[in-house]
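I have placed the structure first, in the form of structure tokens, so that the comments after it can refer back to it.
Here is how names work: the chains are called A, B, and so on, in the same order as the sequence lines, proteins then strands, and each is numbered from 1.
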There are 2 protein chains.
Amino acid sequence: MKKGHQVTMKEIAKKLGVSVSTISRALKDSPELHPETKRKIVEMAKEMNYQPNLLAQSLRISRTKTLGVIVPEITSHFFASCISGIQDHANKRGYNVMICQSNESIDQEIANIKTLVASQVDALLISLSRETNHYEHLYELYSREIPFVLFDRVQEDIPVSKITFNDAGGAYQVTHHLLEMGCRRIVYVSGPEDLYISKKRKEGYLKALAEYGIAEESDLIKISDLTEQDNVRVAKEIMEMKTKPDGVFCMIDPVAVDVLTYWKSKGVKVPEEFALAGFTNNPTAAVVEPPLTTVSQPGYEMGKLAVSHLLDQLDGLASDDPISIVLDTTLVPRKSSQKTI
Amino acid sequence: MKKGHQVTMKEIAKKLGVSVSTISRALKDSPELHPETKRKIVEMAKEMNYQPNLLAQSLRISRTKTLGVIVPEITSHFFASCISGIQDHANKRGYNVMICQSNESIDQEIANIKTLVASQVDALLISLSRETNHYEHLYELYSREIPFVLFDRVQEDIPVSKITFNDAGGAYQVTHHLLEMGCRRIVYVSGPEDLYISKKRKEGYLKALAEYGIAEESDLIKISDLTEQDNVRVAKEIMEMKTKPDGVFCMIDPVAVDVLTYWKSKGVKVPEEFALAGFTNNPTAAVVEPPLTTVSQPGYEMGKLAVSHLLDQLDGLASDDPISIVLDTTLVPRKSSQKTI
DNA sequence: CTGTTAGCGCATTCAG
DNA sequence: CTGAATGCGCTAACAG
């Protein structure tokens with residue numbers, strides 16, 4: 001199967017007996033041109049259904065007006081929202097977007113960057129994979145002076161702009177809420193410990209505990225690799241602890257949902273036996289029974305801010321100095337944490 | 001902010017004192033080349049961190065090895081899965097992907113097509129917006145001989161390949177299941193009537209009824225515009241009907257979830273008063289209480305098949321004659337329909 | 001085996 | 001106001 005022919009400037013030039021440069025000028029509404037010839041050209045272009053070849057144009061001006069986006073997973077509702085925000089606002093400013101997913105693999109992430117760079121994207125928006133534990137590929141982008149920003153899953157040391165949520169703040173909100181609901185032995189179910197969000201959310205958790213004069217207790221910190229299987233293992237461990245906890249804060253909603261589902265199958269009552277809370281406000285959080293207390297992170301907003309800042313830098317509307325944008329989260333209290341004291 | 005310099009063939013040619021064509025040949029491993037010079041060039045390219053400029057390459061060979069994808073909504077889990085399948089398998093065959101969302105708007109859909117065509121994508125994969133009720137833009141693609149396939153939200157008359165689910169079959173499965181559970185007055189909650197899936201799923205619904213000797217009853221067919229508000233209106237209407245139905249089949253899961261949520265707030269029992277079923281097997285379907293009976297549509301698989309067929313056509317491995325691929329759905333029976341007879 | 005030449009489609013000097 | 005010439009980075013046909 002092969003593509004049909006596309007009309008070029010050359011052809012419309014021949015048809016009108018003028019030069020290609022005149023066509024070029026007419027189509028970009030250059031002022032130094034006889035209005036009449038301009039009119040004729042524009043008309044003919046429309047009639048012939050001329051579509052500019054962005055490839056040629058980009059090659060010539062060495063700018064593609066295209067941004068590359070790399071996310072760990074498109075099927076995650078949060079990242080899909082980010083993409084949506086990025087795309088809408090990039091389009092609004094005349095930019096296109098190429099999206100890749102790393103599938104949480106650092107090798108794929110590196111490959112994605114390579115492809116996008118080869119495609120000459122003007123800049124990149126990257127959210128790091130879970131696996132990403134070294135950063136040469138990012139430093140290389142930096143040294144090659146290819147503009148990029150990091151969002152949500154960031155690495156703190158790289159001198160580029162970063163857009164994150166106030167993860168510590170959100171975790172503080174949830175933990176504080178659980179404490180207010182009367183919980184005093186609160187488990188934190190963390191993801192892998194080297195993850196940025198695992199650390200940040202733990203910070204907030206500990207800070208809230210400290211305010212209530214409660215010391216960190218290593219038994220109460222559980223690590224899951226975030227697979228369903230491991231989430232269930234943790235759920236089981238918690239319900240079998242000798243000194244029972246009274247509240248559980250899971251680092252992300254899916255963990256909380258897995259825990260809840262397992263507990264329901266075992267007859268464990270939420271919130272009566274354990275108050276439960278998650279993080280992110282996934283669509284599922286609202287519909288489980290009981291509805292899950294969580295913290296909302298507006299992904300669309302994050303995408304919008306990330307792309308707006310990046311384009312401001314590209315267009316010289318903002319300084320190139322890296323900045324850090326921290327978005328606030330909102331506590332979404334639901335039934336899963338409504339312990340009657 | 002501006003991008004740094006990228007190494008070109010010219011530069012490495014100068015450095016090695018050979019011509020650009022030799023570089024080009026070496027880098028694509030042409031056989032007619034002295035192994036030693038080839039080795040030198042490859043080495044130097046690596047040392048200088050050469051990255052080919054895909055733009056120039058594409059312009060030259062007039063093929064971008066890029067596919068355009070248009071979906072109504074990236075944030076829908078189903079379409080995100082499709083995208084994931086498309087991307088993985090496109091990459092596997094050396095193609096990149098540019099994704100756009102129409103936000104269910106025909107104008108946006110047309111704009112997306114225009115952008116992707118201007119970007120010289122080799123082909124398109126399109127799932128139509130809800131609003132799309134005329135098809136000139138598709139016929140234009142067709143007449144311009146730009147290869148494309150339609151998936152999931154298709155238009156039947158256009159002579160291109162289409163990948164769909166057996167929507168009628170899936171609706172038949174659900175309705176048949178409800179009948180087996182003892183339901184005899186089953187409501188079908190449809191989306192807007194001109195939607196392809198509204199029609200197809202109605203077909204399956206009616207076929208199952210017919211097999212049980214039950215005639216179509218217009219009172220039992222409700223139309224929602226698929227907003228939460230309208231879904232709630234329908235839910236209310238159903239519970240207030242004088243002759244109460246005993247089962248409800250909603251065209252898509254989100255409608256069923258809205259109905260369920262509303263009914264729960266009103267103390268209506270599912271499945272006791274109404275057996276309930278949806279369609280698509282969204283993540284939410286599994287976690288609502290009671291879990292929702294539905295029909296699974298593997299989106300990843302659909303994306304994979306769509307892109308595989310399209311690339312087969314592009315690469316001449318499949319005939320250009322349009323075909324129709326129909327994927328089967330699977331009934332996922334859950335508690336929401338377990339009426340004890 | 002390698003260099004020269006031409007050109008993909010377009011934008012932009014430089015001359016008229 | 002408009003045309004001719006040049007080149008973005010790369011590939012490919014044609015010579016040698």
From CG of A:L27 across to P of C:dG9 the rounded distance in Å is 15 Å

What I want to find out is whether A:E11 reaches A:K15 closely enough, with some N-O distance under 4.0 Å, to be called a salt bridge.
no

Separation of C:dT2 atom C1' from B:M9 atom CE, nearest Å, is 15 Å

Next on the checklist: Strictly below 4.0 Å: does A:Y50 bring a side-chain N or O up to OP1 or OP2 of C:dC10?
Outcome noted: yes

Report task. For A:S319 and A:D321, test the side chains for any donor-to-acceptor distance below 3.5 angstrom and give the result as yes or no. Result -> yes

Is the ring pair A:H134/A:H137 parallel, tilted or perpendicular, if the boundaries are 30 and 60 degrees? perpendicular

A:E36 CD to D:dC1 P, in whole Å, measures 12 Å

> Contact class for B:T37 (heavy atom, under 4.0 Å): base, sugar-phosphate, or nothing?
Replying inline: sugar-phosphate

B:D312 meets the side-chain contact (heavy atoms from CB on, under 4.5 Å) criterion, sequence neighbours left out, with B:R93, B:L317, B:A318

TODO: Evaluate the side chain to side chain contact (heavy atoms under 4.5 Å, CB included) criterion for residues A:Q51 and B:R144: first the C-alpha distance (whole Å), next the side-chain angles of each, then the deciding distance (0.1 Å), finally the verdict.
DONE: CA-CA 12 Å; A:Q51 300 288 133; B:R144 291 178 64 176; 3.5 Å; yes

A:L59 CG to C:dC8 P, in whole Å, measures 13 Å

- Message: Quick check on C:dC8: is either OP1 or OP2 less than 4.0 Å from any side-chain nitrogen or oxygen of A:K10?
- Response: yes

Can you tell me if the side-chain N/O atoms of A:S19 get under 4.0 Å from OP1 or OP2 in D:dA4?
no

Whole-Å distance, A:K14 NZ to C:dG9 C1', equals 15 Å

Scan nucleotides 12-16 of chain C against the protein and return all N/O pairs shorter than 3.5 Å with their distances rounded to 0.1 Å.
| from | atom 1 | to | atom 2 | distance (Å) |
| --- | --- | --- | --- | --- |
| C:dT12 | O4' | A:R60 | NH1 | 3.3 |

Decide yes or no for B:Q87 and A:I74: does some side-chain heavy atom of the first lie under 4.5 Å from some side-chain heavy atom of the second?
yes

Atom NZ of B:K65 and atom C1' of D:dC10 are separated, to the nearest Å, by 17 Å

To the nearest angstrom, the CD-P distance between B:Q120 and C:dG9 comes to 9 Å

Acceptor/donor pairs from residues 110-118 of chain A side chains to any protein atom, 3.5 angstrom cut, sequence neighbours excluded:
| from | atom 1 | to | atom 2 | distance (Å) |
| --- | --- | --- | --- | --- |
| A:N112 | OD1 | A:Q108 | NE2 | 3.2 |
| A:N112 | ND2 | A:Q101 | O | 3.0 |
| A:N112 | ND2 | A:Q108 | O | 3.3 |
| A:T115 | OG1 | A:A111 | O | 2.9 |

To the nearest angstrom, the CD1-P distance between B:I23 and D:dA12 comes to 16 Å

Ranking B:A56 and B:G17 by the position along DNA chain C of their nearest nucleotide, the one closer to 5' is B:G17

Of A:T8 and B:P35, the one whose closest nucleotide on DNA chain C sits nearer the 5' end is B:P35

